[in-house]
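Worksheet: one structure, shown below.
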Amino acid sequence: MLNYKEEYDKIKNEFCGTCDLRTIELTVCGRSACFFYIDGYIDTLLFEDNILSPLKALQGDGAVTMDMLNENTQMTTPIQEIPDYVKAVSEISAGEIVLLADGAESFFRYSEKKYQLRAVAEPPVSTVLRGPREGFIEDLKTNMFLIRRRLASPKLNFEIMNVGKYTQTKIAVCFLDGVADPKIVDRIKTQIEKIDIDGIVESSYVSRYLEENKFSLFSHVGSSEKPDTVVGKILEGRVAILVDGSPAVLTLPFLMYENFQMSEDYYIKSYRASMVRIVRLFALIFSILMPGIYVALQEHHYQLFPIKYLVSVLGQITNIPLSPLLEMLFVLVIFEILNETSIRMPRYVSMALSVVGAIILGEAAVTAGLFSISSVIIVAISTVGLYCIPDEINSSSILRFAFVAVGGVLGIVGILLVMTGVLAYLCSINSYGIAYMSPFAPSLIHDWQDGPIKAQLQEFGERPYSVPTSNRTRQRTTIEQNQNESQDENNTQNQEN
């Protein structure tokens, strides 16, 4: 049985006199009682009408029990018993209302949360011309609902875990039972349970612990802010990880080629989606290699320039004080500075800064003879091309610097050697038992239907072989339907004969 004075003092001491802890002392059935909650978390009107007023109006003496509270209070969520003050403190910190009553067998938890949330809107980095425009927000329950609304199946499973010594952040592991591989689900949950840190602020914290290649330049955990994208991956057998306080939902297992697959590809004609994917692929390759190749041609292989363009280049670089390598590195650094500044500054200032940096400063630098116009144009095109694959912008930027340095020192041969090394490294990566470069290395011909050349949706009869799954069948393809119809017709004719 709980001693009111002792338990009251324990809870107050745990919160160290914080000003946002609210306490409401009252008498319930002739016994001293107190409500504890954090100011700003709860709906005060519902708390007053459904809980506080009915209990204040109780007459007579008796023990405070679960049955008595259920009879005299109106709740949309069930009341729960809490065995000790440690758990009670944790619930209060999470925004719940906890009732302490003298002589009761346990604490009692009410839930009447209501706090300000950002409205569901289109993510700023995942805009589409056609398709759903909803995006995840920073509330876990809302994000779970957005997935559940699109995947209304009893097989959709959410498992909640608390991570972080002080934050006790809720993390939901989401998967489709009977489709996702149970071994991968257990492996992901084990990795999350091993996290021992003071606090989880954003899903990126969790992704660092889920990556099996800790020092890899490339991301090994998928991330999306669009519910339709996450649901599509869950239907293929992947596992989604939702983190309370983050609009970015993680997905595993993750393949390199997922960077080139956008949600809009599945809402438009296949020939258009195929063309756009090829454009993205070549845009990324050219954006990474073009500055390095340009420097290599200037430093070591200028004879490969077309004669008319060579004359133009020589005219531009005649009075440039820097070598082609240093010139390109300086231009890259300036563009990186402008990019970071435009992101961090207020919007109304960043627009003006972009114009000043891209046009005025660039023109002034060329006119003053610091840089050649060709270098500025090449870096500008390269920078724009990198944003065709925004999820790999960090690794692509670093690789661009590396290829410029190698091209300036070793020329085209050095670039080819580094390209070979990068491809060999990508082919060697293995995450959660799956090849990172699948379905190309190793080659899985079946999965090429969702590769650079996207097949029609009706042809996706089975889930990708790149991702382990307990259920490979996705739908009956058009060919199978035609075969079954022909067989039915033959059976009908045989019966008539």
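Excluded from the calculations below are hydrogen atoms, water molecules and symmetry mates; all remaining heavy atoms, backbone and side chain alike, are included.
Electrostatic pairing of R130 and E264 does not count as a salt bridge here, judged by no charged N lying under 4.0 Å from a carboxylate O. Under 4.0 Å is where a charged nitrogen must lie from a carboxylate oxygen, and between D181 and K183 no such pair does. Using a cutoff of 4.0 Å between basic side-chain nitrogens and carboxylate oxygens, D265 and R280 are scored as salt-bridged. One finds a salt bridge joining R187 and E212 here, because a Lys/Arg side-chain nitrogen approaches an Asp/Glu carboxylate oxygen to under 4.0 Å. Between E336 and R400 a salt bridge is recorded (basic side-chain N to carboxylate O distance below 4.0 Å). In summary, K170 and D139 do not engage in a salt bridge, as defined by a charged side-chain N under 4.0 Å from a carboxylate O. Looking at K87 and E91, a side-chain N of the basic residue comes within less than 4.0 Å of a carboxylate O on the acidic one, giving a salt bridge. Electrostatic pairing of K226 and E122 does not count as a salt bridge here, judged by no charged N lying under 4.0 Å from a carboxylate O.
Put simply, the side chain of Q168 gets close to the backbone of G164: a donor and an acceptor are under 3.5 Å apart. D447 places a side-chain N or O within 3.5 Å of a backbone atom of Y465 that can act as its donor or acceptor partner. With E202 contributing its side chain and S204 its backbone, the two residues share a donor-acceptor pair below 3.5 Å.
Side-chain contact, Y257 with S466: no donor N or O sits under 3.5 Å from an acceptor N or O.
Considering only residues two or more places apart in sequence or on other chains, S153 meets the side chain to side chain donor-acceptor pair (under 3.5 Å) condition with none of them. By the side chain to side chain donor-acceptor pair (under 3.5 Å) test, S263 is found to be paired with no residue, residues two or more places apart in sequence or in another chain being considered. Residues passing the side chain to side chain donor-acceptor pair (under 3.5 Å) test with D196: none are found, sequence neighbours excluded.
The residue from V243, I197, T169 that alone fulfils the side chain to side chain contact (heavy atoms under 4.5 Å, CB included) condition with Y205 is I197.
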